[in-house]
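Reviewing the structure listed below.
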Amino acid sequence: MTWTLAPERFDSPEASLLRHDYYAEVAGRYWKRPATAAEIADGLRDDGAERLVPPTGQFVVGRSGGRAAGCAGLLLVPEEPGTAELTRVYVRPEYRGTGGGGLLLAAMEEAARALGARRLRLDTRDDLVEARGLYAKHGFRAVPAFNAGPYAEHWLAKHL
């Protein structure tokens, strides 16, 4: 499958659907049951996605065969100049294993550099094993906890 990636507003129709699917999956895994529409809406409300635009961040949509297949977001960390945080990395299940995750990470690294970052960090959970494997494969390494988020169980970073 051929992937194309491009910056896109977080609230475009396809980006919004990808963000919805992302929250549905991560919430469902966390609760070990399908997330309800209300839970997904609650997760999307006030999630800070409006900062995923230059100069504070970036949002990228990946397409495979012309169909929206994945996304990733990036936020500059104001209290740590030179650091950006990776967020909302998601590949729809039917596109996993086709290289899209690595392409999304490469696009986020490029966007981070363009925004002046020299370090990319993220947090993730135990149950997101595919994501943790992807990050390790692409050079992210464990670092001390940099937040106390309720869903953060692993903290990773990569120097760009």
Side-chain angles (χ1 to χ4, degrees), residues 3 5-11 15-31 35 40 42-62 68-93 95-160:
W3 280 76
L5 290 90
E8 192 163 320
R9 281 200 47 91
F10 66 92
D11 56 358
S16 294
L17 283 173
L18 284 163
R19 288 177 47 241
H20 174 278
D21 292 352
Y22 163 82
Y23 275 103
E25 182 167 341
V26 298
R29 283 187 182 206
Y30 183 76
W31 290 311
I40 296 166
D42 189 48
L44 290 168
R45 187 178 12 267
D46 300 323
D47 71 346
E50 69 280 354
R51 297 181 307 157
L52 299 174
V53 296
T56 56
Q58 184 71 261
F59 193 78
V60 170
V61 170
C71 62
L74 175 78
L75 289 168
L76 291 178
V77 180
E79 60 275 7
E80 289 186 41
T83 298
E85 192 162 325
L86 195 57
T87 184
R88 295 168 186 83
V89 177
Y90 177 70
V91 175
R92 287 191 164 129
Y95 296 99
R96 291 179 187 160
T98 66
L103 292 171
L104 286 164
L105 292 181
M108 291 294 90
E109 290 178 21
E110 184 178 317
R113 283 186 196 97
L115 291 169
R118 298 175 310 280
R119 180 175 178 253
L120 194 54
R121 73 180 194 187
L122 63 98
D123 65 61
T124 191
R125 300 189 327 232
D126 285 335
D127 61 326
L128 301 177
V129 291
E130 301 91 343
R132 291 188 4 247
L134 176 70
Y135 301 136
K137 179 180 176 181
H138 290 275
F140 286 82
R141 300 293 175 247
V143 296
F146 52 81
N147 65 23
Y151 307 111
E153 297 170 317
H154 299 270
W155 297 265
L156 308 170
K158 178 178 183 177
H159 289 282
L160 302 176

- Would you please test Glu50 and Phe10 for side-chain contact (heavy atoms from CB on, under 4.5 Å) and show each step? CA-CA 7 Å; Glu50 69 280 354; Phe10 66 92; 3.9 Å; yes
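- Taking NZ of Lys158 as the reference point, atom CD of Glu109 lies at 3.5 Å (rounded to 0.5 Å).
- Atom CD of Glu25 has more than 12 neighbouring heavy atoms from other residues, nucleotides or ligands inside a 6.0 Å radius.
- Taking each heavy atom of Glu80 and Arg119 in turn, the nearest pair found is OE1-NH1, 3.5 Å.
- Looking at heavy atoms from C-beta onward, Val91 lies out of side-chain contact with Glu130 at the 4.5 angstrom threshold.
- Residue Arg96 places its CZ atom among more than 12 non-hydrogen atoms of other residues, nucleotides or ligands, all under 6.0 Å distant.
- Rounding to the nearest 0.5 angstrom, the gap separating the CG atom in Leu44 from the CG atom in Asp11 is 12.0 Å.
- The shortest non-hydrogen separation linking Ala117 to Ala84 is CB-CB, 3.8 Å.
- Between the side chain of Thr83 and the backbone N or O of Val77 there is no donor-acceptor pair closer than 3.5 Å.
- Atoms CZ and OG1, from Arg51 and Thr56 in turn, are 7.0 Å apart once rounded to the nearest 0.5 Å.
- In this structure, the side chains of Met108 and Leu122 stay at 4.5 Å or more apart for every pair of heavy atoms.
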- Item | Stepwise side-chain contact (heavy atoms from CB on, under 4.5 Å) check, Glu110 with Val60 | CA-CA 11 Å; Glu110 184 178 317; Val60 170; over 6 Å; no
- Task: In sequence, state the C-alpha distance, the side-chain angles, and the governing distance for Leu104 and His138, and then conclude on side-chain contact (heavy atoms from CB on, under 4.5 Å).
- Result: CA-CA 11 Å; Leu104 286 164; His138 290 275; over 6 Å; no
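- Once rounded to the nearest 0.5 Å, the distance linking OG1 of Thr87 with CD of Glu85 reads 7.0 Å.
- Between atom OH of residue Tyr30 and atom CG of residue Leu128 there is a gap of 11.5 Å, rounded to the nearest 0.5 Å.
- Listed here is the closest heavy atom pair of Tyr151 and Arg125: O-CG, 2.7 Å.
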- Step-by-step side-chain contact (heavy atoms from CB on, under 4.5 Å) determination, Arg29 to Val26: CA-CA 5 Å; Arg29 283 187 182 206; Val26 298; 5.8 Å; no
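- Nearest approach of Gly43 to Asp47, heavy atoms of both residues: O-CB, 3.4 Å.
- Of the possible polar contacts, one joining the Arg132 side chain to the Asp126 backbone as a donor-acceptor pair under 3.5 Å is found.
- Phe140 and Tyr135 have their aromatic ring centers within a separation under 6.0 angstrom.
- Rounded to the nearest 0.5 angstrom, His154 NE2 and Asp123 CG are separated by 10.5 Å.
- The shortest side-chain heavy-atom distance between Leu86 and Leu105 falls under the 4.5 Å cut-off.
- Of all the heavy atoms in Leu18 and Ala68, the pair that sits closest is CD1-CB, 4.0 Å.
- Contact between Leu5 and Gly62 at its shortest, heavy atoms only, is CG-CA, 4.0 Å.
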